[in-house]
Structure formats: C-alpha cells, structure tokens
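Chain naming here is simple, since letters A, B, ... match the order of the sequence lines and numbering starts at 1 in each.
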There are 2 protein chains.
Amino acid sequence: MRWQDIDQQPCSVARSLAIIGDNWTLLVLRDCFLGVRRFDDFQQRLGVTRHVLSDRLRKLTEGGILDKVAYQQRPVRHEYRLTSMGRDLYPVIVHLAQWGDQYLADDHGAPLTRIHKQCEHTLQAQLHCSHCGETVAAQDIRVEENTGFEGKILQARVQDTAG
Amino acid sequence: MRWQDIDQQPCSVARSLAIIGDNWTLLVLRDCFLGVRRFDDFQQRLGVTRHVLSDRLRKLTEGGILDKVAYQQRPVRHEYRLTSMGRDLYPVIVHLAQWGDQYLADDHGAPLTRIHKQCEHTLQAQLHCSHCGETVAAQDIRVEENTGFEGKILQARVQDTAG
DNA sequence: CACCATGAGTTCCAAATTGGAACTAACTGA
DNA sequence: TCAGTTAGTTCCAATTTGGAACTCATGGTG
C-alpha cells in the first residue's frame, strides 16, 4: 500500500495522518502555532527545501488546515494562517512538545514554556476524562467498534493481547 | 537540511518527530495501542512493505518507545511492546483520533469509541490547564523562551504576528 | 534607466527512500 | 519429506527528497 492511500482505512488516526502525518508537516504546524505565516520564514526556520515546503503548504491548504490569504497587492503576496480546523490540532502539538520535554531534553532543559494567559501558570497538559475528571492513561481505555465497523478494525489476536 | 537531522533543533516537537514523525511510525503506534505486537500483524494491518516496517520497528526500539521481547524459544520469536515512554504518547494518538473523528469522518461516522474503564463513559479528550482547570485553546497560550534559548526559537516577525 | 533586493515559488538533477515481490532462516507438525 | 509459520532480508524499478539555480512581479536606489 502506498502512503497516499492510507486515508482509505476506516480509522480516524489514519485519515488525520494522511493530511498531517507527512515528514515535515507537523513541523510546519509547530511553526504556525508560533506565529510563522510566510513562505521564506518557514523555509529558513525549518531548513526544508523550497519545493517540499511548497507541496506541504499546498496540501495543508487543500485540507482546510491553513488559509492562504493575500497580505499585500502589487505584487500579490500571500501568507498562511491556521483555520479553526487547524487550531484544533493544538493539543497534538502540545502533547508532542511535552513528551519531548520529558524524554528528549538535553542538558539545557526544555527550550520553551507555554503559559496559560488567563491564569499565568505553566501549562501541564494531561489527558483526562471529561465525565469523571480523572487523569487517563492508555491502560484505562477500552475501545469498541461502532456500528458498521464490527470486525473491521480489531481482529482475533489483537483483542486477545490488548492491554 | 535532511529530515534525519531535525533532532538537532532546539525544539521538543522536532526532537519528538525525529523519532515518531516518520511517515508510517505514528500508524505503527496506533496499532500498538490497539494491542498489536507482532511483525506480520503490523504488516498486514498497515499494508506497509516489510523492510520499511522492519526499519521503523528498529528505530522505535532504539528510541526506547518499544521493547522487543521474546515470546517463544525454538525458534526465537519476538514481539514489540510499548514501554512506559511509549505509552506516554497515548494523548497524541487520542487527539489525532478525535480530530479525525470531528473533521474527516465519512457517512458512517467514527469507526471507534474509546471508553474510560473506570467510569464507563466515552472519552472526550480536552486540553485543559492543570492549574485553573479551564479548557485551553491555542490562542490562550503564550510561549516564553527558557534560559539559554533566548532569541533562538522566536524571531522578530514571529513574535509580531503570533496569535 | 540599469541594477540590486524581496518574496514566493518552479525547475533541474543526483542521491536517497519506498513499493512490490521474491527469497532466507529456523524451526514445527503431518 | 513436505508444507506451514514467523520474522525478517535482498533486489530492483519508481518515487521522493535535498541542494542549488532560476523565474516572475515589483519596489527602491544611484
């Protein structure tokens, strides 16, 4: 199976990754959340080659994650802004950053701190259950296949060893 | 800059993605969280070619995310299990899945439901501030460069347009 | 006017990676 | 002896990437 066909899988993770799971795309989004909007700024910060960046920005725009808007005329120049669909990916970036802070930081510690403007405290993201309020880890979750997907996602050996 | 050098950036997102940001790797992890542990099961479920899967599993193992343990002798066969470092990536997968459920589901709706075993309710993950308890969106966060990283991550235009 | 600069790409080509298929190794069981 | 299982490795053609140069529209400077 080719990578560009993974959005055919009956899986929301696969469909998400079909748009943003490409090698440079999540780094582009990291920069979007830091306020980067222009082609050359992305290019210099990421060090990605220009045609790869061009391709990734086009895919993000077509996917509804970025909006390409003109910021001047004569000559027309565009910048890329997160849509609300794009901004909803923020939890993914935050958890990636926190995981990196925890496990991959070097001697200098975490490079960035994220501060919650409303309360002025450092953001410590946790997965928690919106019903009971408890913190949730992987082993606290059970998955069920919804109507129409029975047997399509989980299989015999998978269910036996899930944990 | 080559993709394999991005872990040189002073950024936890970049360092995380250097290990798991590769095209098939997050899908491998999705299956790990569903209980998949064996080479051929990953291969059949993902449709990825065998040498790419072999390479990804090796990198995940070297990165400390998976543990390669023998489940039988004669002949020795191994399976891949998430380490605690690997299990801590669960919030990333859950948010990717929820984002896909919300924006990319087809007529049949979300394929899977995640249920919190302790309270038996569907998991609805939200980013929230552990200090004040409020739900947090991208625009509620301000970033600050930590000691030793001043000026290395944010630059003039970036700060101006951050939002 | 001629010339350089800016921003956002596109084009070219060599090098690296992927996809697909076949092959290997180390056994087990019939 | 022969087929089957599991976890890979090897091979090659096709695709993608990295690096550098080039284009296009326009503005500013001497």
Atom [atom1] of [X] to atom [atom2] of [N]: distance rounded to whole Å?
| X | N | atom1 | atom2 | result |
| --- | --- | --- | --- | --- |
| A/L27 | D/dT17 | CG | P | 14 Å |
| A/R2 | C/dA21 | CZ | P | 11 Å |
| A/L53 | C/dG7 | CG | P | 15 Å |
| B/Q43 | D/dT5 | CD | P | 15 Å |
| B/D22 | C/dT18 | CG | C1' | 11 Å |
| B/D5 | D/dG18 | CG | P | 10 Å |
| A/I6 | C/dG19 | CD1 | P | 10 Å |
| A/F42 | C/dG7 | CZ | P | 15 Å |

Kindly indicate, with the supporting measurements, whether the criterion side chain to side chain donor-acceptor pair (under 3.5 Å) is fulfilled by B/R114 and B/Q124.
-> CA-CA 8 Å; B/R114 277 162 293 279; B/Q124 283 291 112; over 6 Å; no

Result for 5'-nearest mapping on DNA chain C, choosing between A/V76 and A/Q4, is A/V76

Phosphate-side-chain proximity, A/Y71 and C/dA8, N/O vs OP1/OP2 below 4.0 Å = yes

Report yes if at least one side-chain N or O of A/W24 is closer than 4.0 Å to OP1 or OP2 of D/dG18; otherwise report no.
-> yes

B/T83 versus B/D67, side-chain donor and acceptor atoms under 3.5 Å = no

For nucleotides 9-15 of chain C, print each protein N/O atom paired with a nucleotide N/O atom at under 3.5 Å, atom names and distance only.
from, atom 1, to, atom 2, distance (Å)
C/dG9, OP1, A/K68, NZ, 3.2
C/dG9, OP2, A/Y80, OH, 2.6
C/dG9, N7, A/R50, NE, 2.8
C/dG9, N7, A/R50, NH2, 3.0
C/dG9, O6, A/R50, NE, 3.2
C/dT10, OP2, A/S54, OG, 2.9

Salt bridge between [X] and [Y], side-chain N to carboxylate O under 4.0 Å?
| X | Y | result |
| --- | --- | --- |
| A/R37 | A/D31 | no |
| A/E79 | A/R81 | yes |
| B/K59 | B/D55 | yes |

Among C/dG19, C/dC27, D/dG18, find the nucleotide with the atom closest to the side chain of B/R74.
-> C/dC27

Distance-only donor-acceptor test, B/R77 side-chain atoms vs D/dT5 base atoms, 3.5 Å | yes

What orientation do B/H95 and A/H95 show, parallel under 30°, tilted 30 to 60°, or perpendicular over 60°?
-> parallel

Ring centres of B/H128 and A/H128 under 6.0 Å apart?
-> yes

Of A/P75 and A/R56, the one whose nearest nucleotide on DNA chain D sits closer to the 5' end is A/R56

